[in-house]
Amino acid sequence: MFNTDSFSLKGKTAFITGASYGIGFAIATAFAKYGAKIVFNDIKPELVEKGLAAYKEQGITAYGYVCDVTDEAQVAETVAKIEKEVGTVDILVNNAGIIKRIPMIEMSAAEFRQVIDVDLNAPFIVSKAVIPGMIKNGHGKIINICSMMSELGRETVSAYAAAKGGLKMLTRNICSEYGHANIQCNGIGPGYIETPQTAPLRERQADGSRHPFDAFIVAKTPAERWGTTEDLMGPAVFLASDASNFVNGHVLYVDGGILAYIGKQP
């Protein structure tokens, strides 16, 4: 019989990378409401402090660490601190990421490598650091923040699409390699989400009309709206909880239906 307590995260330690704000912060907030202890990192001390203040404002006790997730030594040191000061990581969300919108022939190899480093190498590095503890404990949940660009291409995002496509396959491979250890690795693929970073793309024009990109996204989305960070909370809790114990190697697209839709006839 299905147990409604399967969605509880009580007693679990959740490490969400880059969760000072935005999607990571929203997911961490949801985890806290379901009982998890929240750990996050950011690359700059001021961002960690900002995040700690934001969690405190929500009534959440969070543990923040300064760590560059692309630095294997820093990650190993940080995970060791988390295990000593908070507890073994039960849930990992590889959320930290960047995007550079540059036409491919104008993009330098260094810029391409930077995106790959943050969006693909870092999830490998952090997952590698927490998996031994998960194996020892006999369970673990890893959630990779993928993207619709794990499935689609678009102009100016060659590095991002390559990284997110690789992250989809890393998700499947972690499942394949460590499923026997009761570790479930899945992805969430957000659609276009309302965040401070996307706010300029949603501003009304001087004549009251939609921004061209805003109009494009709404027309391409069966839900006819942008997603919110709250739309990602339920899927994240599901994938972090015992309710998803037989879900592994899957990417759950939270996109309002974009990937299922060919678009309206002109």
Are [X] and [Y] side-chain neighbours, meaning at least one heavy-atom pair lies under 4.5 Å?
X	Y	answer
Thr70	Asn121	no
Asp119	Ile98	yes
Ile217	His211	no
Ile99	Val157	yes
Arg154	Met148	no
Arg210	Arg204	yes
Ile145	Leu232	no
Tyr178	Ile142	no

Please determine whether residues [X] and [Y] belong to a single hydrophobic cluster, defined as Ile, Leu, Val, Met, Phe, Trp and Tyr linked transitively by side-chain heavy-atom distances below 4.5 Å.
X	Y	result
Val89	Val86	yes
Phe40	Ile143	yes
Val93	Ile60	yes
Met169	Val251	no
Ile27	Val247	yes

Counting only heavy atoms from other residues, nucleotides and ligands, does the tally under 6.0 Å from [atom1] of [X] exceed 12?
X	atom1	result
Phe238	CZ	yes
Arg113	CZ	no
Glu57	CD	no

In terms of the angle between their ring planes, are Tyr192 and Phe213 parallel, tilted or perpendicular, with boundaries placed at 30° and 60°?
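Rings of Tyr192 and Phe213: perpendicular, over 60°.
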Answer yes or no: is there an ion pair linking Glu194 with Arg225, defined by an N-O contact shorter than 4.0 Å?
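Result for this pair is no, no salt bridge flagged.
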Once you round to the nearest 0.5 Å, how far does [atom1] of [X] lie from [atom2] of [Y]?
X	Y	atom1	atom2	answer
His139	Asn245	NE2	CG	10.0 Å
Cys185	Glu177	SG	CD	11.0 Å
Ser158	Glu106	OG	CD	11.0 Å
Ile38	Leu52	CD1	CG	12.0 Å
Lys141	Asn186	NZ	CG	7.5 Å
Cys175	His250	SG	NE2	11.5 Å

Where [X] and [Y] come nearest, the two heavy atoms and their spacing:
X	Y	result
Lys168	Ser150	NZ-O, 3.4 Å
Ile16	Phe31	CD1-CD1, 4.1 Å
Glu72	Ile125	CA-CG2, 3.8 Å
Lys164	Ser147	CG-CB, 3.8 Å
Val69	Ala96	CG2-CB, 4.2 Å
Val237	Ala30	CG2-CB, 3.9 Å

Does Tyr63 form a side chain to side chain contact (heavy atoms under 4.5 Å, CB included) with Thr13? I'd like the steps, not just the answer.
CA-CA 10 Å; Tyr63 302 83; Thr13 298; over 6 Å; no
Under 3.5 Å: donor-acceptor pair, side chain of [X], backbone of [Y]:
X	Y	result
Ser20	Gly51	no
Arg101	Glu155	no
Thr17	Asn95	yes
Asp117	Ala122	no
Thr198	Leu201	no
Asn144	Asn94	no
Thr171	Gly187	no

Just do the side chain to side chain contact (heavy atoms under 4.5 Å, CB included) check on Phe15 and Asn41 with the steps written out, would you?
CA-CA 8 Å; Phe15 178 24; Asn41 81 290; 3.9 Å; yes
Scan side-chain atoms only and decide if Arg172 and Ser176 contain a donor-acceptor pair under the 3.5 Å cut-off.
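Result is no, nothing qualifies.
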Taking side-chain contact (heavy atoms from CB on, under 4.5 Å) as the criterion, tell me which of Thr221, Asp231, Asp214 meets it with Trp226.
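One option only clears the test, and that one is Asp214.
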Does the pair Ile131 and Leu92 meet the rule for a side chain to side chain contact (heavy atoms under 4.5 Å, CB included), with working shown?
CA-CA 9 Å; Ile131 284 173; Leu92 168 66; over 6 Å; no
